[in-house]
Enquirer: 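Pasting in a structure now, in structure tokens, and then I'll have a few things to ask.
Heavy-atom basis, side chains included; hydrogens, waters and symmetry copies ignored. Order of listing sets the numbers, starting from 1, for every ligand and every atom in it. By convention here, the first residue in the shown sequence is residue 1. It should be emphasised that the depicted structure is a prediction, and the values quoted were computed from it without experimental measurement.
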Amino acid sequence: SRIVWRCGRFDLELDRVVVMGVLNVTPDSFSDGGQHGAVEAAIEHALNLIEQGADIIDIGGESTRPGAQPVSVEQELARVLPVVEALRDSNIPISVDTCKPAVMRAVLEAGADIINDISGFRQASAREIVAAHPRCGVCVMHMQGEPRTMQQSPHYDDVTRDVVRSLQDSARALESLGIASDRISLDPGFGFGKSVAHNYDLMRDLEQLVDLGYPVLIGVSRKSMIGAVTGRPVDQRLAGSLAAALAAVARGAQIIRVHDVQQTIDAIRVWEAIEKGIGETR
Ligand SMILES: Cn1cnc2c(O)nc(N)nc21
């Protein structure tokens with residue numbers, strides 16, 4: 001498939017699966033226990049992710065785990081801007097995970113290629129900022145409610161139908177501002193206002209989202225939906241995360257957001273060799 005995701009300096013070809021490496025520049029990120037709090041450590045980790053083969057780096061300055069406390073614009077910028085500036089000459093797209101319009105504006109000016117908004121660009125000013133940029137990529141993620149309270153009692157009539165419709169409306173809102181469709185990727189937001197059962201129903205029926213025609217980005221790496229069925233703590237969820245990543249790829253997801261880049265690439269390469277053959281045998 002000649003699908004392309006236009007992301008700032010890059011046109012990402014999606015005929016092969018793209019791996020997005022997670023870079024938390026936050027003291028309370030649920031999975032790396034704050035060892036990357038310092039900007040320097042974050043930059044070092046980013047270079048390590050690139051070394052492992054990451055196709056995109058996703059920089060987050062505000063923890064999005066359930067129950068997380070909000071962070072000020074100033075604090076978030078102090079964390080992410082230096083990292084964007086350090087990475088903007090790297091040869092891969094730089095994504096910033098933020099919901100704040102002021103942070104979006106600053107990181108785009110600093111050279112970020114993608115804005116990853118877990119709140120799905122629900123703020124009009126956020127939509128206007130990415131619309132004002134000629135070609136930055138946007139990832140529109142579905143979240144029910146806010147990180148602080150979203151897991152208290154998530155409810156849907158039909159989780160997949162509801163999420164797909166919500167994301168379609170969000171994409172249309174961006175397109176109505178002149179944002180080209182090939183700049184938009186959609187993400188069901190596993191764990192963001194969903195019960196474990198909702199997450200597994202959503203994964204099983206992921207093709208309904210893929211069928212909208214936009215690139216689909218998913219993030220399940222080390223999440224509680226993996227822990228719920230394996231009983232493993234957050235630092236022992238690699239096998240479960242790889243299983244979920246391949247299930248998503250098998251249903252048409254093209255961008256996978258993970259902590260464990262090298263292992264995920266290996267799993268996807270084997271899967272793609274099976275699905276597409278490895279050439280010389282033909
Ligand atoms: C920041 N962040 C945490 N989980 C995520 C997910 O599943 N998708 C996207 N786009 N961002 C996420």
Enquirer: What protein heavy atom is closest to atom 11 (N) of ligand 1, reported as residue, atom name and distance in Å?
Expert: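 Checked against all protein heavy atoms, atom 11 (N) of ligand 1 sits closest to Asn116 ND2, 3.1 Å.
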Enquirer: Between the side chains of Arg135 and Asp182, is the shortest nitrogen-to-carboxylate-oxygen separation below 4.0 Å, so that they form an ion pair?
Expert: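 Arg135 and Asp182: not salt-bridged.
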Enquirer: Would you check if there is a donor-acceptor pair between the side chains of Asn48 and Gln52 at a distance under 3.5 Å?
Expert: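 There is such a pair between these side chains.
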Enquirer: Given 3.5 Å as the limit, does a donor-acceptor pair link the side chain of Ser170 with the main chain of Ser166, or not?
Expert: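 Side chain of Ser170 to backbone of Ser166, a donor-acceptor pair under 3.5 Å: yes, one is there.
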Enquirer: Is the closest heavy atom of Cys139 to ligand 1 under 4.0 Å?
Expert: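 Under 4.0 Å: yes for Cys139.
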Enquirer: Do Arg88 side-chain atoms and Ala110 backbone N/O form a donor-acceptor pair below 3.5 Å?
Expert: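 Yes, the answer is positive, given that a donor and an acceptor are paired below the 3.5 Å cut-off.
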Enquirer: Among all protein non-hydrogen atoms, which one is nearest to atom 9 (C) of ligand 1, and what is the separation to 0.1 Å?
Expert: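 Answer, as residue, atom name and distance: Asp187 OD2, 3.2 Å.
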Enquirer: Counting only heavy atoms closer than 4.0 Å, does ligand 1 sit against the backbone of Leu217, its side chain, both, or neither?
Expert: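 Leu217 to ligand 1: side-chain contact only, backbone stays beyond 4.0 Å.
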Enquirer: How close does the nearest protein non-hydrogen atom get to atom 3 (C) of ligand 1, and which residue and atom is it?
Expert: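 The protein heavy atom lying closest is Arg257 NH1, 3.3 Å.
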Enquirer: Based purely on interatomic distance, does Asp97 place a nitrogen or oxygen under 3.5 Å from a nitrogen or oxygen of ligand 1?
Expert: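 By distance alone, the answer is no.
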Enquirer: Are the charged groups of Arg16 and Asp55 less than 4.0 angstrom apart, N to O?
Expert: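 Answer for the salt bridge query: yes.
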Enquirer: Once you restrict to heavy atoms under 4.0 Å, what part of Ile118 touches ligand 1? Side chain, backbone, both or neither.
Expert: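 Ile118 to ligand 1: side-chain contact only, backbone stays beyond 4.0 Å.
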Enquirer: Does a donor on one side chain sit under 3.5 Å from an acceptor on the other, for Ser181 and Glu175?
Expert: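 Yes, because at least one side-chain N or O of Ser181 sits under 3.5 Å from a partner of the opposite role on Glu175.
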Enquirer: Could you tell me, atom by atom, which parts of ligand 1 come under 4.0 Å of a heavy atom of Thr64?
Expert: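 Within the 4.0 Å cut-off of Thr64, ligand 1 contributes 1 (C), 3 (C).
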Enquirer: Any Lys/Arg nitrogen of Arg222 or Asp260 sitting under 4.0 Å from an Asp/Glu carboxylate oxygen of the other?
Expert: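 Salt bridge flag = yes for Asp260 with Arg222.
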Enquirer: Of the listed options (Lys223, Met143, Met141), which comes nearest to atom 7 (O) of ligand 1 when hydrogens are ignored and any heavy atom counts?
Expert: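 Of the listed residues, Lys223 has the closest heavy atom.
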Enquirer: For the side chain of Tyr214 and the backbone of Gln168, is there at least one donor-acceptor N/O pair under 3.5 Å apart?
Expert: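 No; judged by distance alone, with no hydrogens or angles, the pair does not exist.
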Enquirer: Considering distance alone, does some N or O of Gly219 sit under 3.5 Å from an N or O of ligand 1?
Expert: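 Checking ligand 1 against Gly219, an N or O pair does fall under 3.5 Å apart.
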Enquirer: Answer yes or no: does an N/O atom from Asp58 fall short of 3.5 Å to an N/O atom of ligand 1?
Expert: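 Between Asp58 and ligand 1 (N or O atoms, distance only) the closest approach is not under 3.5 Å.
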